[in-house]
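First comes the structure, then the notes that go with it.
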Amino acid sequence: TQSTRPQRILGAVQQNATRGDPRSVVRAIDQYCRNQEWAMNVGDEKGCILDSVVSEVNPATVLELGTYCGYSTVRIASLLPPHAKLITLEFNPEFAVIARQVIAWAGLEDKIQLVEGASGDLIPKMKEQFGVETFDLVFLDHWKDRYLPDTKLMEECGLLRKGSVLLADNVICPGTPEYLEFVRSSPRYESQYFKSHLEYTKVEDGLEKSVFLG
Ligand SMILES: Cc1ncnc2c1ncn2[C@@H]1O[C@H](/C=C/CNC(=O)c2cc(-c3ccc(F)cc3)cc(O)c2O)[C@@H](O)[C@H]1O
Ligand SMILES: [Mg+2]
């Protein structure tokens, strides 16, 4: 039977990456997606911007919206301090199965909690079910029309504190116009655009970093 793209990405990790070496997992996925078949990972170019923001924030608690195959999950978690935790939300069970194996290959199970379900349903449960106070960093990379409603939901649920950082992928391509308009015009956010390119291509894309001012 025909394999799926996520299954082929997992295969590339298992064939080319070293168990317990997160950066080799990241490299294996980038090489596969650049040379064999494109996939919607944040990728190596935007990934370097992601790395710099993660290192600058040095977060104890991270929320990722949209796990897919776990590329950015592993990339972020590989930079976290010892007791930091990353919660990643994914509503497609097939993608979740693959991502769990990618995360395991990287040896990052202790830092990452992958929760299956829709962000809109899970965000209101973060405090009671997952013992979260607030998130120091949120990486938005799920359906683009969910960025704004989920940001408002995180505010309403008291999951953002003064200084919490939102980092949003794809604000140009495919684009998140309503979200961009909101974070750039709201007095409660200080936003900055990092110009880059769509993963593995020369098409313009970028990340928007928005600090919640409380
Ligand atoms: C509300 C909810 N709750 C939980 N999980 C959720 C969720 N909504 C989606 N998910 C999950 O997250 C991922 C979805 C990611 C969506 N990303 C993109 O569509 C995307 C597309 C491109 C792209 C650019 C140019 C093209 F020509 C074609 C595609 C690039 C990207 O970087 C993208 O991120 C996927 O794993 C999905 O199951
Ligand atoms: Mg993306």
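As the structure is a prediction and not an experimental result, all values here were calculated from the model. Remember, it's 1-based here, ligands and their atoms both numbered in the order they're listed.
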Heavy-atom contacts under 4.0 Å to ligand 1, chain-then-number order, include exactly W38, M40, G66, Y68, L89, E90, F91, N92, F95, G117, A118, S119, D141, H142, W143, K144, R146, D169, N170, C173, P174, L198, E199
_Salt-bridge criterion met for R146 and D150 (N-O under 4.0 Å)_ = yes
query = Is E116 paired with R100 through a side-chain N to carboxylate O contact shorter than 4.0 Å?
reply = yes
With sequence neighbours left out, the residues meeting side chain to side chain contact (heavy atoms under 4.5 Å, CB included) with R184 are L180, S191, Y193, E208
### Query
Has E155 got more than 12 heavy atoms of other residues, nucleotides or ligands less than 6.0 Å from its CD?
yes
Report for the Mg ion (ligand 2), protein N, O or S closer than 2.8 Å, by chain and number, lists D141 OD1, D169 OD2, N170 OD1
Can we say D141 and K144 salt-bridge, meaning some charged N sits less than 4.0 Å from an Asp/Glu carboxylate O? yes
For K209, the salt bridge (Lys or Arg N to Asp or Glu O under 4.0 Å) test, sequence neighbours excluded, returns E56
Less than 4.0 angstrom from a charged side-chain N to a carboxylate O is my criterion; do D136 and R161 meet it?
yes
Closest non-hydrogen atoms of V203 and C173, given as atom of the first, atom of the second and distance, are CG1-SG, 4.2 Å
Step by step, work out the side chain to side chain donor-acceptor pair (under 3.5 Å) result for E64 and S72. CA-CA 9 Å; E64 176 181 60; S72 49; 2.5 Å; yes
